[in-house]
Amino acid sequence: MNYPYRDQFASALVTWFEREQRDLPWRKTKDPYKIWVSEVMLQQTRVDTVIPYYERFMKSFPTVQALADADEEVVLKHWEGLGYYSRARNLQSAVREVHETYGGIVPNTREEMSTLKGVGPYTAGAVLSIAYGVPEHAVDGNVMRVLSRVLNCEEDIAKPKIKPIFEKAVMFLIDHNNPSYFNQGLMELGALVCTKGKPHCLLCPVQAYCLAYQEGKPEDLPVKTKKVKNKPLHYAVVVHRDGDKVYVEQRPSTGLLSNMWQFPMYDNFIGEPIMQFKHVFSHLTWHIKAYYVTTPPQSEGGSFKTLQEIEQLPMPVPMLKILDFIKIEMENL
DNA sequence: AATCCGTGGAT
DNA sequence: TATCCAAGGAT
């Protein structure tokens, strides 16, 4: 590293974070378990979205033991609407591992943490630094963007080989007196000041130490290529009704929306749809036509349940839309 | 290395 | 409307 502002950068960043940090629920604690839960929820998910989920989750599962003892279905219900549902299953699996193998104490080394399901390089570093004060890197999307500017890196940060470079950079820059505030400061700076569109350089505490700013083109960074093609899929979702009960089934334990509940999905169906809409995922789009029938389902494995029972089951957002519709429909019977 | 895995807000 | 993408990880 030939970056000349190491100590000044770290000092200015930590001082700024002490003064400007947002008041967030998970910043009221140093409980490693609670920090861990927050970090998993925050993966690829916005702060404002996470807050109510985090509050509700902590009321129901305030400790490692509480989450370890919970039913998976109840945990998934708490995750409903957050997306990436494998996070919830992996988190509970890992928490059970901590409960059984580590006596309920979240391990404080990267080696041990990294063995836990759903804990990757970022989450391990975040928990270690924030909860335990261990000087470990926690490089997320914010940090990639901030460092690409501070270090004036013109490489394509979408390339997998770049991230380890920034992890080494953090280990070089990190404030050993306050790894927690250094890492959080880096992320907070990316969220509030060093934003992706037009960064607010006039408000930046490390403007004087930013190589891209010195070059006069911080808004041209980072360079990031990517193209994800979204594949359209057409489905018929059929609501089989028998009296006051409706047929629901659980999705497989692997793949898209694993273990979530749904109304049966078919490639095609004859009749007049009660509603139709599209639901966009990261890499595919469901084009849904929903149908209402009083005939038995073709599929097996599910069962007829009342709406009150169905409301207790974790369902993905597109199924919740259909559920809302038939709730109104069946109230009028 | 490239894909898969959700959702909703911002532009 | 289309695109990006937000405190990533698993395969």
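In what follows, every heavy atom counts, from backbone to side chain, and hydrogens, waters and symmetry copies are set aside. Numbered from 1 within each chain, the chains take letters A, B, ... in sequence-line order.
Residue A/Arg145 is in sugar-phosphate contact alone, with no base atom involved, counting any heavy-atom pair closer than 4.0 Å across all strands shown. Nucleic acid contact class of A/Val143 (heavy atoms, under 4.0 Å, all strands): none. Note on A/Trp286: nothing from the nucleic acid sits closer than 4.0 angstrom, heavy atoms only.
Counting only distance, with no hydrogens or angles, the side chain of A/Ser148 and the backbone of A/Arg145 share a donor-acceptor pair below 3.5 Å. In this structure, A/Arg251 contributes its side chain and A/Leu256 its backbone to a donor-acceptor pair below 3.5 Å.
If you take NZ of A/Lys117 and C1' of C/dA10, they are 11 Å apart, rounded to a whole angstrom. The distance between atom CE of A/Met144 and atom P of C/dC5, rounded to the nearest whole Å, is 12 Å. Rounded to an integer number of Å, the gap from A/Leu116 CG to C/dG8 P is 19 Å. What separates CG of A/Leu192 from P of C/dA6 is a distance of 14 Å, to the nearest Å. Note: CH2 (A/Trp36) to P (C/dG9) measures 13 Å, nearest angstrom.
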Using a cut-off of 4.0 Å between protein heavy atoms and nucleotide atoms, how would you tag nucleotides 1-11 of chain B 5' to 3' with B, S and -? S--SBBBBB--
Do A/Trp26 and A/Lys34 pass the side chain to side chain contact (heavy atoms under 4.5 Å, CB included) test, and can you show the C-alpha distance, the side-chain angles, and the key distance before you say yes or no? CA-CA 7 Å; A/Trp26 43 88; A/Lys34 295 182 177 178; over 6 Å; no
Applying side chain to side chain contact (heavy atoms under 4.5 Å, CB included), run through A/Leu13 and A/Asp175 and close with a yes or a no. CA-CA 9 Å; A/Leu13 181 66; A/Asp175 183 348; over 6 Å; no
Walk me through whether A/Ser258 and A/Arg89 qualify under side chain to side chain donor-acceptor pair (under 3.5 Å). CA-CA 9 Å; A/Ser258 51; A/Arg89 297 189 306 138; 3.1 Å; yes
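Inspection of the A/Gln262 and A/Glu249 side chains reveals an N or O donor paired with an N or O acceptor under 3.5 Å.
Checking A/Ser38 against A/Ser114, the closest nucleotide of DNA chain C that is more toward the 5' end is the one next to A/Ser38.
A distance of about 15 Å separates the P atoms of B/dT3 and C/dC4, rounded to the whole Å.
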